[in-house]
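This report concerns only the one structure given below.
We count residues from 1, following the sequence as given.
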Amino acid sequence: MPNSEVITHDVIIVGAGLAGSWAAMATAQQGVKDVGVLSKIHPLRSHSGAAQGGIAAALNNVRPVPGTGPRGPLEQIPVGDELVDSTELHMFDTIKGSDWLGDQNAIEIMVNDAIDVIYEYEHMGCVFSRTPDGRIAQRRFGGHSAPRANYAADRTGHVLLHTIHEQALYHGVKFYAEWYVMDLIVEDNAVRGVVAIDVLTGKIHLLRAKAVMFGTGGYGRAFKITSNAYANTGDGVAIAYDAGVPLMDMEFVQFHPTGLYQHGILMSEACRGEGGYLINKNGERFMEKYAPDKMELAPRDLVSRSEQTEIDEGRGVMDDGQGIFLDMRHLGREKILERLPQVRDIAIDFVHVDPIDDPVPIQPTAHYSMGGIPTDVHGQVIADASGTPVVGFYAAGEAACVSVHGANRLGTNSLLEASVFGRRAGYAIAEFIKGGAKLLPVTGDPAERSRQAVKELLDNPGTELVEDIAQELKANMTMNCGIFRDEERLNIALDKVHELQQRFKNARVMDKGSRFNTDLLATLEAKHLLTFSEVIVKGALNRTESRGAHSRTDHPKRDDEDWLKHTIAHKGEDGRPQFSYKDVTLYWDRFPPQERKY
């Protein structure tokens with residue numbers, strides 16, 4: 001580790017998941033060898049590795065057996081037979097899933113790049129599950145019209161992440177494990193570097209770079225029940241926002257239908273993709289009422305709302321009536337052990353239920369953030385609604401908003417987005433560096449500003465416990481800004497966020513040490529949660545319609561006349577979010593808005 005407090009690289013990437021690692025590897029592949037990646041956890045613990053069910057691409061390796069219906073078996077496609085899938089169909093499914101808020105130019109790029117990305121993974125040695133004749137296996141996923149989830153049993157993200165991390169190391173990328181970024185340095189609308197703390201030593205460093213890329217993941221930890229890892233506290237989103245970078249479409253937060261009851265741990269959509277049922281306390285497959293064509297494989301926003309409706313109307317399971325059953329018993333022992341071994345272990349370990357023998361209790365869980373740092377299709381961060389770039393700043397993956405997911409993401413499009421746009425950001429960064437980018441000077445000592453901020457936190461004799469503030473925020477967001485929203489509850493949520501922001505000023509860090517001070521890190525994370533939660537709630541309050549994952553019971557209809565537009569939030573001089581809006585990119589002749597039915 002460098003002895004100097006100032007560390008310099010051509011490129012600094014924050015986040016070591018699929019987006020960050022792809023960007024690092026692609027940059028190095030293009031000849032830029034001085035690339036550093038910072039991760040607040042070990043890179044192979046990045047949340048991309050928790051993705052289970054698959055990564056989307058229209059490979060056409062399998063098709064439904066004719067006449068079997070939506071739940072029937074799959075077979076491989078005979079050579080020369082008619083194709084059942086296409087990039088055009090993948091594009092339409094994604095647009096429809098987004099409730100027409102996704103930018104169609106970005107979606108077109110994603111679905112067209114998808115096939116090449118999958119085969120690049122394969123050529124790098126990724127261990128996909130296979131069809132009997134050796135091709136990459138595929139299965140169904142919610143909202144997709146054909147089986148296009150390419151998978152590795154139920155640990156797809158794990159094998160993808162290990163594959164790309166290995167390749168990044170091979171190309172000479174330097175990883176800084178357990179380094180926590182505190183500040184993004186932006187002057188005159190150009191990035192200069194970051195400030196980060198080495199968690200092991202507690203020493204704060206200035207890291208200079210010609211280009212910085214954020215692949216810092218999502219922010220599900222703002223909610224009480226979530227599938228997200230403890231690390232997913234939206235640090236990159238909040239840091240960018242505090243540095244003057246806008247955020248886009250933050251009101252759109254996806255709830256996954258099958259989080260493990262009371263834990264939120266993901267029971268992959270692959271469970272339903274392989275044929276699992278959702279049943280209420282009466283044993284009814286209730287999705288027939290809500291999505292008769294797609295049943296359990298309707299898009300996630302629709303399934304989560306259907307589950308919550310069953311729960312709210314008294315047909316939930318478990319003692320508190322807050323669960324639903326995921327029934328996989330009919331799949332049989334052999335299929336569960338072959339294709340769903342990890343979710344079986346999770347069910348056994350955390351709720352003591354073996355899905356081979358009994359239905360598993362689940363409930364909707366905060367899962368994915370459609371909004372984030374606005375970028376173009378090359379990962380270039382955009383400073384305003386007119387498209388002005390933040391020079392040298394890039395973002396990709398869940399922290400970014402391209403926007404390919406719009407108001408609701410389809411399953412298996414997240415690993416795809418992180419891979420496609422992480423790679424594209426890497427190519428763009430390499431072109432920027434090789435095109436003559438300079439290491440720009442910084443004003444003063446940004447690291448000293450961060451040291452003083454940490455000192456103030458450590459010296460604060462306050463009486464508030466950070467954990468209490470964080471838990472109250474999560475309960476508030478779940479109850480008042482969750483699956484169903486209305487003006488009254490959103491106003492309650494906003495008032496509570498403001499109250500907690502005030503109480504945070506009186507927060508006490510109990511551990512005063514420097515080495516591996518996790519209490520300090522939790523305090524910084526809580527500050528970030530409070531920062532972007534205000535943007536989520538206020539954006540949701542402003543958007544007086546229902547679209548995708550944003551469901552307003554007091555405004556139940558989608559309103560294309562007034563709200564077919566992206567939300568842009570800047571931090572105002574008073575610290576409160578200031579909102580503007582920009583048009584969605586639509587191909588009116590190919591995919592005009594239509595009613596979203598399943």
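By the 4.0 Å N-to-carboxylate-O rule, D113 lies close enough to R424 to be salt-bridged with it. We find that R590 and E108 are joined by a salt bridge, their nearest charged nitrogen and carboxylate oxygen being less than 4.0 Å apart. Salt-bridge check for D116 with R423: passed, with a basic side-chain N closer than 4.0 Å to an acidic carboxylate O. Of the charged side-chain nitrogens involved, at least one lies within less than 4.0 Å of a carboxylate oxygen, so that R558 and D560 count as a salt-bridged pair. Look at K289 and E310 and you find a salt bridge, because one of the NZ, NE, NH1 or NH2 atoms lies within 4.0 Å of a carboxylate O, short of that distance. A salt bridge does not link E288 to R285: none of the charged nitrogens lies less than 4.0 Å from a carboxylate oxygen. R148 and D93 are joined by a salt bridge, as a carboxylate oxygen and a charged side-chain nitrogen come within less than 4.0 angstrom of each other. Taking a cutoff of 4.0 Å between a charged side-chain nitrogen and a carboxylate oxygen, R552 and E545 do not qualify as a salt bridge.
Listed for the H42 side chain is a donor-acceptor partner under 3.5 Å among the backbone atoms of L44. Between the T131 side chain and the R135 main chain, a donor and an acceptor come within less than 3.5 Å of each other. No donor-acceptor pair closer than 3.5 Å links the side chain of D358 to the backbone N or O of V353.
Looking at every heavy atom in both residues, S227 comes nearest to H367 through OG-ND1, 2.7 Å. Across R305 and S551, no two heavy atoms sit closer than the pair CD-OG, 3.5 Å.
Relative orientation of the Y219 and F532 rings is tilted, given thresholds of 30° and 60° on the angle between their planes. In this structure, Y277 and H330 have parallel ring planes: the angle between them is below the 30° cut-off, well short of the 60° mark.
For the residue pair Q254 / R300, a side-chain donor-acceptor distance below 3.5 Å is found, with atom types taken as modelled. A donor-acceptor pair shorter than 3.5 Å can be found between the side chains of T258 and H256. Using modelled atom types and a 3.5 Å distance limit, the side chains of N408 and S98 yield no donor-acceptor pair. Between the side chains of E398 and S369, a donor-acceptor pair is found at a separation under 3.5 Å.
Under a cut-off of 6.0 angstrom, the local environment of CZ in R489 is crowded, with over 12 non-hydrogen atoms contributed by other residues, nucleotides or ligands. Open room surrounds NZ on K597; 12 or fewer heavy atoms of other groups in view lie less than 6.0 Å from it. Heavy-atom neighbours of M479 CE from other residues, nucleotides or ligands within 6.0 Å: at or below the threshold of 12.
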Set out, in order, the CA-CA distance, both residues' side-chain angles and the distance that settles ring-ring contact (aromatic ring centres under 6.0 Å, His included) for Y368 and H405, then state yes or no.
CA-CA 10 Å; Y368 191 86; H405 307 309; 5.4 Å; yes
So W22 and Y121, ring-ring contact (aromatic ring centres under 6.0 Å, His included) or not? Walk me through it.
CA-CA 11 Å; W22 259 110; Y121 271 125; 5.4 Å; yes
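The closest side-chain heavy-atom distance from Y290 to E307 is not below 4.5 Å. Between R315 and F286, the closest side-chain pair of non-hydrogen atoms is not below 4.5 Å.
Relative to the six-membered ring of W563, K565 meets both conditions, a distance below 6.0 Å and an angle of at most 45° to the axis.
The salt bridge (charged side-chain N to carboxylate O under 4.0 Å, His left out) test with E274 singles out one residue from R344, R140, K335, and that residue is K335.
Centroid-to-centroid, the aromatic rings of H378 and Y394 stay 6.0 Å apart or farther.
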